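What follows is a set of notes on a single structure, which appears directly below.
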Amino acid sequence: MADDAILRGAAAGGMTLDELFGTVEQEWQDQALCAQTDPEAFFPEKGGSTREAKRICKACAVRDECLEYALEHDERFGIWGGLSDRERRRLKKQLG
Ligand code: SF4
């Protein structure tokens, strides 16, 4: 529903695709649970624990959007959508 409304609004407002995606991106990031916690937990030192970050991701409402963003943008560092860099690379391979 929300996406439809955004699309209609964008078409009516003569927005470019970039502007439109910028808006959608912004929307999920506004709900990012990690932004309200300790961001350092999401970028642990090499060999550091990722447990706390993953625990927060599990409760995050925009986990899917976040993971999708990280996969699309080839994010190399940190925990995104509950997955570490290594786990994201594995998932990407599986997805082909
Ligand atoms: S899924 Fe995790 S990393 Fe992504 S926005 Fe939510 S809390 Fe942050």
Side-chain angles (χ1 to χ4, degrees):
M1 200 276 318
D3 285 353
D4 277 4
I6 291 169
L7 279 173
R8 273 199 306 277
M15 263 177 137
T16 66
L17 267 187
D18 274 354
E19 284 164 348
L20 174 61
F21 286 126
T23 309
V24 174
E25 222 165 77
Q26 189 67 43
E27 277 192 3
W28 75 258
Q29 287 178 359
D30 281 351
Q31 295 178 59
L33 211 52
C34 51
Q36 301 160 36
T37 61
D38 176 13
E40 279 183 23
F42 290 81
F43 294 93
E45 301 269 311
K46 207 170 162 36
S49 173
T50 57
R51 216 171 60 184
E52 181 59 12
K54 287 180 175 178
R55 192 182 63 79
I56 296 166
C57 289
K58 261 193 193 153
C60 180
V62 290
R63 189 174 166 186
D64 289 350
E65 288 87 341
C66 173
L67 182 58
E68 209 173 298
Y69 177 92
L71 293 175
E72 263 172 27
H73 292 82
D74 244 341
E75 291 289 349
R76 299 271 176 217
F77 303 102
I79 305 295
W80 291 75
L83 299 185
S84 68
D85 175 43
R86 195 152 34 124
E87 290 163 338
R88 288 196 303 277
R89 263 182 285 153
R90 202 184 304 148
L91 176 65
K92 227 178 175 173
K93 257 197 201 151
Q94 284 169 3
L95 294 174

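Both counts, for ligands and for their atoms, begin at 1 and track the order of listing. Treat the numbers as computed from the prediction; the structure is a model and nothing was measured.
Ligand-side atoms of ligand 1 in range of Ile79: 3 (S), range being under 4.0 angstrom from any heavy atom. The ligand atoms of ligand 1 that sit less than 4.0 angstrom from a heavy atom of Cys60 are 1 (S), 5 (S), 6 (Fe), 7 (S). Applying the 4.0 Å criterion to heavy atoms of Gly81 picks out, from ligand 1, the atoms 1 (S), 3 (S), 4 (Fe).
The environment of Glu45 atom CD is sparse: at most 12 non-hydrogen atoms of other residues, nucleotides or ligands sit within 6.0 angstrom.
Shortest contact from atom 2 (Fe) of ligand 1 to any protein heavy atom: Cys57 SG, 2.3 Å. Regarding atom 4 (Fe) of ligand 1, its nearest protein heavy-atom neighbour is Cys66 SG, 2.3 Å. Remark: minimum distance from atom 5 (S) of ligand 1 to any protein heavy atom is reached at Ala32 CB, 3.5 Å. At the top of the distance list for atom 8 (Fe) of ligand 1, counting protein heavy atoms only, stands Cys34 SG, 2.3 Å.
Between Val62 and Glu27 there is no side-chain heavy-atom pair separated by less than 4.5 Å.
Of all heavy-atom pairs between Ala61 and Glu65, the closest is O-OE1, 4.2 Å. When all heavy atoms are compared, the tightest approach of Thr37 to Phe42 is OG1-CE1, 3.6 Å.
Between Tyr69 and Trp80, the angle of the ring planes stays under 30°, which puts this pair in the parallel group of the 30/60° scheme.
Using a 4.0 Å cut-off between charged side-chain N and carboxylate O, Arg55 and Glu52 make a salt bridge.
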